[in-house]
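Single-structure report; data block below.
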Amino acid sequence: MNQVVTAPPRVRIAPSPTGDPHIGTAYIALFNYVFAKKHGGKFIIRIEDTDRNRYRPESEAMILDAIKWFGIEWDEGPDIGGPYGPYKQSERLPLYLEAAKELIEKNHAYRCFCTVARLEKLREVQTANKLPPGYDRHCRALSLEEAEKKLAAGEKFTIRFKVPTSGVTSFNDQIRGKVEFENARLDDLVLLKADGYPTYHLASVVDDNAMKITHVIRGEEWVSSTPKHVLLYEAFGWTAPLFTHLNLLRNTDKSKISKRKNPTSILYYRRKGILPKALRNFLALMGWSLGGDQEIFSTETMIENFTWERFSLGGPVFDLQKLLWMNGQYLKQLPDEAWVAMIRDQVFTEEYLKQIVPLIKERVQALEEFIPNADFFFTGDLKYEGTSILPKGFAAKVVAKWFSDILESFETLDEWSVPKIKAVIETFVAQNGLKTKDIFMPMRIAVSGTPVSPPLFETIQVLGKEMVRRRMRLAMDYLKTLKEPIAQNTEASPS
RNA sequence: GUCCCCAUCGUCUAGAGGCCUAGGACAUUACCCUUUCACGGUAAGGACACGAGUUCGAAUCUCGUUGGGGACACCA
């Protein structure tokens, strides 16, 4: 387990640009970075944009930006290049094609003409019969002629890996030790999709090899596909890197951290005013410790003292409260000048003020009224009280469900703009046979904390998706605490 | 359902067979400091999941049980 690192390691993180930069990415990045620096190696960022359905063009820049803010520097990456570029998988497509072809030639892969519908049906039947779902290797048995015929007929196909049907595949995880899987339990995974893009499995193996990655340090969710990767390395005749699977950050209920239950966007924490060094320290503690009682330590100290032995395997619950405490510790140490600069540069930014002013200026008569009218643009979590969040005649449970549905629609938005937000709300109102006023007041109170505020859609837009999501979730939590049978004519009173 | 991983206070963890009557931190409670609030200080409650074994001795090693998590996509 205490492996000796001889050559300088090359490690990478491989985020996919499918949305906001994720806190889990920062966590994994930190350990990759620290490990690399400890041993004088290189830390690389590679963008895995092979899923064109979930691809969000704005996401890549956001991820790089967020990691930069987080305070760890990469030695090679899509923006700065490096000796093994390009560092974006969509720009490396020929490589994967060639690799897939090579595997077919070596008889380690085959074309699969099964339709998505057939696979779905198959899975359905398997689950119904309580069998583990998996590909039944239907096309593996296809003769060469049959395959050629389908190919000539222009049938769509994927390329699947021919996984050995017997034997055992194992790997030595740097913190878990030897992990073994029976090959018979593995199914023939897709390497190349019908659209010509590779799956993660193919792309990451090909790239890790091409980029001379020595250590793959990634999340625990990859443990069960690692034997497939090992088998791929063998099929190619390449040496596999050393694997390390870190435990996943968890919600309070111990499930894998999710935006439903926690703010997961790095942007949220930046906006909140969490200091990068505090976040790094906190995330480091989610699985690693210096050894004694010291909890506050710098990333440099972590690098100096880093060993995998000090890593613990239990899935750590992400505790916002402790992060806040730790952030406070760091904040207190900062000189006043730093505070002034931070408030000017991060809180009252020109960009943010420019968005807020047009919403406020028509409702005030003197500048001093600005802050009281715009306070909720600058505060974080709001406190809800009373029952004014409930429209007359609706149960709290119902309103919570509204919020949940609207939040879901917000998630699908490809652009956070007033027209799109408006469309979501209006569609929702129409589909549920509500009156506009039914939903406006609850929404307004949820996002601004007050029944008197600037226009709703603009407010939502300016607050930003992360903040709106957070506040609506908190409002939903609050709604759940309201006693169901609300006395009809009770005045709204603080609870 | 199948496979894999994991298991110390509510939470993050220290603990690598005797230093453990299990230590620290967050949170909680009480008191002190204080015009208030906060900070700070002091204190309290609070855990080795269970059962077998190995051993003179087990939180620490082994096995089983239970519990939790992850994976089983033409997503990563």
Side-chain angles (χ1 to χ4, degrees), chain A residues 1-2 14-19 22 24-25 47-55 89 112-120 122-123 126-135 156-160 170-171 173 175-177 179-187 189-204 218-228 245-257 281-296 309-326 328-329 331-332:
Chain A
M1 167 151 138
N2 189 18
S16 47
T18 54
H22 199 274
T25 306
I47 298 292
E48 311 232 317
D49 53 348
T50 55
D51 182 348
R52 60 186 189 14
N53 295 321
R54 294 199 304 154
Y55 179 67
Q89 292 187 325
C112 170
F113 297 91
C114 291
T115 59
V116 174
R118 176 176 186 274
L119 296 176
E120 268 168 22
L122 177 67
R123 217 159 13 236
Q126 284 165 334
T127 346
N129 292 319
K130 308 216 169 188
L131 289 166
Y135 183 54
K156 290 255 182 197
F157 66 90
T158 63
I159 294 178
R160 281 183 188 273
S170 71
F171 62 94
D173 191 286
I175 54 181
R176 287 158 208 273
V179 183
E180 289 187 324
F181 286 84
E182 281 180 44
N183 293 339
R185 309 248 176 236
L186 275 26
D187 75 342
L189 60 148
V190 171
L191 298 174
L192 208 67
K193 308 179 224 174
D195 63 3
Y197 278 73
T199 59
Y200 170 86
H201 308 292
L202 207 222
S204 73
R218 75 227 300 191
E220 189 189 2
E221 75 251 53
W222 292 107
V223 170
S224 42
S225 33
T226 302
K228 299 172 179 179
H245 293 95
L246 309 187
N247 43 218
L248 268 11
L249 263 21
R250 310 287 185 87
N251 298 312
T252 314
D253 63 6
K254 295 275 185 185
S255 58
K256 173 164 125 178
I257 196 164
N281 189 164
F282 177 72
L283 251 19
L285 235 32
M286 300 267 89
W288 193 82
S289 66
L290 260 181
D293 290 340
Q294 188 185 347
E295 287 196 301
I296 305 278
E309 254 121 46
R310 305 230 47 82
F311 194 87
S312 46
L313 280 320
V317 171
F318 189 90
D319 183 4
L320 200 57
Q321 229 163 4
K322 185 150 182 180
L323 202 212
L324 252 17
W325 165 79
M326 186 170 280
Q329 297 296 310
L331 235 27
K332 252 179 286 200

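Order of the sequence lines fixes the chain letters, A, B, ..., with proteins taken first and strands second; residue numbering starts at 1 for each chain.
Atom CE of M286(A) and atom C1' of U13(B) are 9 Å apart (whole Å). Distance CD (Q329(A)) to C1' (G40(B)): 11 Å, rounded to an integer number of Å.
Between K322(A) and U13(B) there is no side-chain polar atom (N or O) within less than 4.0 angstrom of OP1 or OP2. Taking only side-chain nitrogens and oxygens, R250(A) never comes nearer than 4.0 Å to OP1 or OP2 of G69(B). Put simply, K254(A) has a side-chain N or O that comes within less than 4.0 Å of OP1 or OP2 on C12(B). Between G15(B) and R310(A), a contact under 4.0 Å exists linking OP1 or OP2 to a side-chain N or O. In this model, the phosphate group of A14(B) is approached by a side-chain N or O of S289(A) to a distance below 4.0 Å at OP1 or OP2.
Using a 4.0 Å heavy-atom distance criterion, K156(A) is classed as making no nucleic acid contact. Within the 4.0 angstrom heavy-atom criterion, no nucleotide atom of any strand lies near G328(A). Counting non-hydrogen atoms under 4.0 angstrom, E180(A) reaches the backbone sugars and phosphates but no base. Across all strands shown, G287(A) has heavy atoms under 4.0 Å from sugar-phosphate atoms exclusively, and none from any base. Among the atoms of the strands shown, base atoms are found under 4.0 Å from some heavy atom of E295(A). Contact annotation for V223(A): backbone-only contact, meaning every heavy-atom pair under 4.0 Å involves sugar-phosphate atoms and none involves a base. Among the heavy atoms of the strands lying under 4.0 Å from P133(A) is at least one base atom, whether or not backbone atoms are also near. Residue-level contact check: S312(A) touches the backbone only, with heavy atoms under 4.0 Å from sugar-phosphate atoms and none from bases. Contacts of K130(A) with the nucleic acid, taken as non-hydrogen atoms under 4.0 Å apart, involve only primed sugar atoms and P, OP1 or OP2. Using a 4.0 Å heavy-atom distance criterion, L119(A) is classed as a base contact. P198(A) comes within contact range of the sugar-phosphate backbone alone, with a heavy-atom separation under 4.0 Å but no base atom that close. T158(A) comes within 4.0 angstrom of a base, heavy atoms only. Residue-level contact check: S204(A) touches neither bases nor backbone, having no heavy atom under 4.0 Å from any strand. At the heavy-atom level, C114(A) lies under 4.0 Å from base atoms of the strands shown.
Aromatic ring pairs are classed by plane angle as parallel below 30°, tilted from 30° to 60° and perpendicular above 60°; the pair F157(A) and F113(A) is tilted. Between Y200(A) and W222(A), the two ring planes are parallel [angle under 30°; tilted spans 30° to 60°].
The two residues F318(A) and M286(A) make their nearest non-hydrogen contact at CA-SD, 4.1 Å. Across D49(A) and Y197(A), no two heavy atoms sit closer than the pair O-CE2, 4.1 Å. Scanning all heavy atoms of the two residues, the minimum distance from T226(A) to R218(A) falls at OG1-NH1, 3.1 Å.
With a 3.5 Å ceiling on both atom-pair distances, the Watson-Crick or G-U wobble partner of U62(B) is A52(B). Base pairing analysis places A14(B) opposite nothing; no Watson-Crick or G-U wobble pair with both distances below 3.5 Å involves it. In a base pair of the Watson-Crick type (N1 to N3 plus N6-O4 or O6-N4) or a G-U wobble (N1-O2 and O6-N3), with each distance short of 3.5 Å, G1(B) is matched with C72(B). Pair assignment for G67(B): C6(B), on the basis of Watson-Crick or G-U wobble contacts that are both within less than 3.5 Å. Under the Watson-Crick or G-U wobble criterion, with both distances below 3.5 Å, C20(B) has no partner in any strand shown. If you check A44(B) for Watson-Crick or wobble pairing at under 3.5 angstrom, you find it paired to U28(B).
Of the candidate nucleotides A73(B), A76(B), G69(B), A76(B) has the atom lying nearest to any side-chain atom of S16(A). Considering only the side chain of R185(A), C3(B) comes nearest among A76(B), C3(B), C12(B). When distances run from any side-chain atom of V179(A) to the nucleotides G23(B), A76(B), C5(B), the shortest one goes to C5(B). For V317(A), the side-chain atoms get nearest to C12(B) when compared with the rest of A76(B), C12(B), C72(B). Comparing C75(B), U2(B), C5(B) by their nearest atom to the side chain of R54(A) picks out C75(B). Closest contact between the side chain of L285(A) and the listed nucleotides C6(B), C12(B), G68(B) involves C12(B). Of the candidate nucleotides A71(B), C74(B), C4(B), A71(B) has the atom nearest to the side chain of K256(A). Nearest nucleotide to the E220(A) side chain, out of C5(B), U11(B), C3(B): C5(B).
Judged by closest nucleotide on RNA chain B, S224(A) is the one of T50(A) and S224(A) placed further toward the 5' end.
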